[in-house]
Amino acid sequence: MLTGNKGEWSEIYVLLRLLSTGKLFPGDADLKPISDVFYPILNVIRQEGDTQYTYKIKEGEGVSIEYDTEQLLFALDKEKIPISQEEFEENADLLLAKIKANDKSSFSCPDTEAFMQRIKCMTIRANSTKKSDIDISVHDRRTGLQPVLGFSIKSQLGSPATLLNASKSTNFQYKLVGNLTEEEITEINEIPGRSKVKDRLEAIQEKGVKIEFSKILKNTFKNNLTLIDSLLPNILSEIMLDFYSKSQNKTMADLLAAINKRNPLAFDNSQRHNFYDYKIKKFLTDTALGMTPAKVWNGEYAATGGYLIVKENGDIICYHIYDKNKFEDYLLANTILETPSTSRHDFGKIYEVEGELFFNLNLQVRFMK
């Protein structure tokens, strides 16, 4: 019996729902569908092991399933199984109700699993080596092209998804400029509580010590950010200082508004260029579509289509990278910074290197819902 969490079952839900509607609906920054605009779906492609399954939507005829299996001593095998879109709709509704009603971390859906076997869908996650969660062939009315696009799926039916995962690779190092005694360092490092990082930073500043960005500790992440924009490490370091201070700014939009107001990098704003907005939106987009802290980023998008968002009511909203502005606006309006585990990721304490004092802060970006 197959088991999965809400996010994993949401991927199957997306497959069933899209095949029932045959349409991708784009959304705005507030997760609302844009009226009278949609992308017609031609095929949905799913890879399981050595077999590629192509679900072809033919209006009025239902969904035919073609699959090619390449094995030693066997010829290419193709089979078509027509299934009505109404059946996909019924099973999508059943799965949605099951996901919403379940409060377990992992659960099974026997009825859905039976239908999955009929449509040759044997696993919840199609292929763990692929960056995209689902591949869709759409008809682009503007260009007349029919590209196959890889989409990443984010579901609001379960816990909020992470955009940038915390790790030791996402530690930013700050130099402490000023004098602290050993007793003061020990006292600050032993400040407890859920807000201990913010409380420790406040205590450092109350001692008259300045906190200055030094570097990103891992070169891979530093170089990835520099590839996106040479000043991105400095901008993110200022945003993180704001987040970990007592400012109460938590959303990326609020943090961006604050740094625009302070202008710590002293950009020339005489002509009202949106320096910080442009660079942070680029960071969010590249992170959403493939950039990770611990792997060398070459600028190539892994999810070539964009994002599919499963809303709490089951609606699926598409953010297409062809509509770059809407995708960027969505990411900015729906992300927050979070404080991860200090012990696991090794940050939040004063430490000494060659006679100088430093303090690490860690970057983690999560979706609000």
Side-chain angles (χ1 to χ4, degrees), residues 5-11 13-14 25-34 96 99-100 102-103 105 133 151-167 170 194-195 197-198 232 235-236 238-261 276-293 303 305-321 323-341 345 361-369:
N5 58 37
K6 290 190 174 187
E8 290 167 338
W9 280 114
S10 292
E11 294 187 23
Y13 170 74
V14 168
F25 293 92
D28 61 17
D30 298 318
L31 279 171
K32 296 178 181 178
I34 299 171
L96 176 62
I99 294 172
K100 294 174 73 172
N102 210 295
D103 57 2
S105 58
D133 295 318
F151 287 90
S152 179
I153 297 171
K154 302 297 179 184
S155 175
Q156 294 186 343
L157 300 176
S159 301
T162 302
L163 180 68
L164 182 79
N165 288 312
S167 67
T170 61
R194 296 186 63 179
S195 62
V197 179
K198 294 186 177 185
L232 195 51
I235 293 172
L236 286 171
E238 293 289 341
I239 285 176
M240 290 169 64
L241 270 180
D242 186 8
F243 168 71
Y244 282 104
S245 73
K246 294 293 184 178
S247 70
Q248 302 302 314
N249 287 332
K250 183 177 181 180
T251 70
M252 188 62 81
D254 286 345
L255 291 162
L256 187 55
I259 197 174
N260 270 310
K261 186 175 181 179
Y276 297 103
D277 297 61
Y278 180 87
K279 297 172 191 294
I280 289 300
K281 285 181 176 180
K282 180 66 174 171
F283 160 70
L284 294 174
T285 300
D286 284 7
T287 303
L289 298 177
M291 191 281 290
T292 58
Y307 267 31
L308 298 179
I309 312 299
V310 183
K311 297 178 63 174
E312 291 174 312
N313 65 359
D315 288 348
I316 299 173
I317 301 297
C318 164
Y319 290 94
H320 200 306
I321 59 174
D323 293 320
K324 181 173 176 287
N325 292 337
K326 291 185 179 67
F327 187 47
E328 290 178 345
D329 290 343
Y330 157 74
L331 291 172
L332 179 59
N334 290 278
T335 50
I336 60 175
L337 262 61
E338 276 195 336
T339 305
S341 168
H345 304 304
L361 295 177
N362 192 276
L363 178 63
Q364 176 168 283
V365 184
R366 185 179 292 277
F367 288 97
M368 294 181 191
K369 296 180 181 180

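Heavy-atom basis, side chains included; hydrogens, waters and symmetry copies ignored. Quick note: residue numbers are just sequence positions, from 1.
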Would the distance check show the side chain of [X] and the main-chain N or O of [Y] forming a donor-acceptor pair, the cut-off being under 3.5 Å?
X      : Y      : result
Asp254 : Lys250 : no
Tyr244 : Asn362 : yes
Ser155 : Gly7   : no
Asp28  : Leu31  : yes
Asn313 : Asp315 : yes
Lys324 : Thr285 : no

Give the intermediate values and the outcome of side chain to side chain contact (heavy atoms under 4.5 Å, CB included) for residues Ile317 and Tyr330.
-> CA-CA 11 Å; Ile317 301 297; Tyr330 157 74; over 6 Å; no
Give me the atom names and distance for the closest heavy-atom approach of [X] to [Y].
X      : Y      : value
Ile153 : Val310 : CG2-CG2, 4.2 Å
Leu255 : Asp242 : CD2-OD2, 3.7 Å
Thr335 : Met368 : O-CE, 3.8 Å
Ala258 : Asn249 : CB-ND2, 3.6 Å
Ser10  : Ile99  : N-CD1, 4.0 Å
Asn5   : Ser105 : CB-O, 3.0 Å

Hey, mind stepping through Leu332 and Leu256 against side chain to side chain contact (heavy atoms under 4.5 Å, CB included) and telling me if it holds?
-> CA-CA 9 Å; Leu332 179 59; Leu256 187 55; 3.9 Å; yes
Taking C-beta and beyond as the side chain, do His345 and Thr170 meet within less than 4.5 Å on heavy atoms?
-> no
Are Leu308 and Asp133 close enough that some pair of their side-chain heavy atoms sits under 4.5 Å apart?
-> no
Take Leu232 and Ile280 through the side chain to side chain contact (heavy atoms under 4.5 Å, CB included) test and state the conclusion after the steps.
-> CA-CA 8 Å; Leu232 195 51; Ile280 289 300; 4.1 Å; yes
Find the distance between [atom1] ([X]) and [atom2] ([Y]) and round it off to the nearest 0.5 Å.
X      : Y      : atom1 : atom2 : answer
Ile309 : Asn334 : CD1   : CG    : 8.0 Å
Leu236 : Ile259 : CG    : CD1   : 8.0 Å
Ile336 : Leu163 : CD1   : CG    : 11.0 Å
Arg366 : Met252 : CZ    : CE    : 13.0 Å
Lys6   : Glu11  : NZ    : CD    : 15.5 Å
Lys281 : Asp286 : NZ    : CG    : 14.0 Å

Ring pair (Phe, Tyr, Trp, His ring centres under 6.0 Å) test vs Tyr307 passes for just one of Tyr319, Phe151, Phe327, namely Phe327
Measure from NZ or CZ of Lys198 to the centre of the six-membered ring of Phe243 and say whether it is under 6.0 Å with the direction within 45° of the ring axis.
-> yes
Are Leu157 and Lys100 close enough, and set up right, to give a side chain to side chain contact (heavy atoms under 4.5 Å, CB included), and what steps lead you there?
-> CA-CA 7 Å; Leu157 300 176; Lys100 294 174 73 172; 4.1 Å; yes
Return yes if a side-chain donor-acceptor contact under 3.5 Å exists between Glu312 and Gln156, otherwise no.
-> no
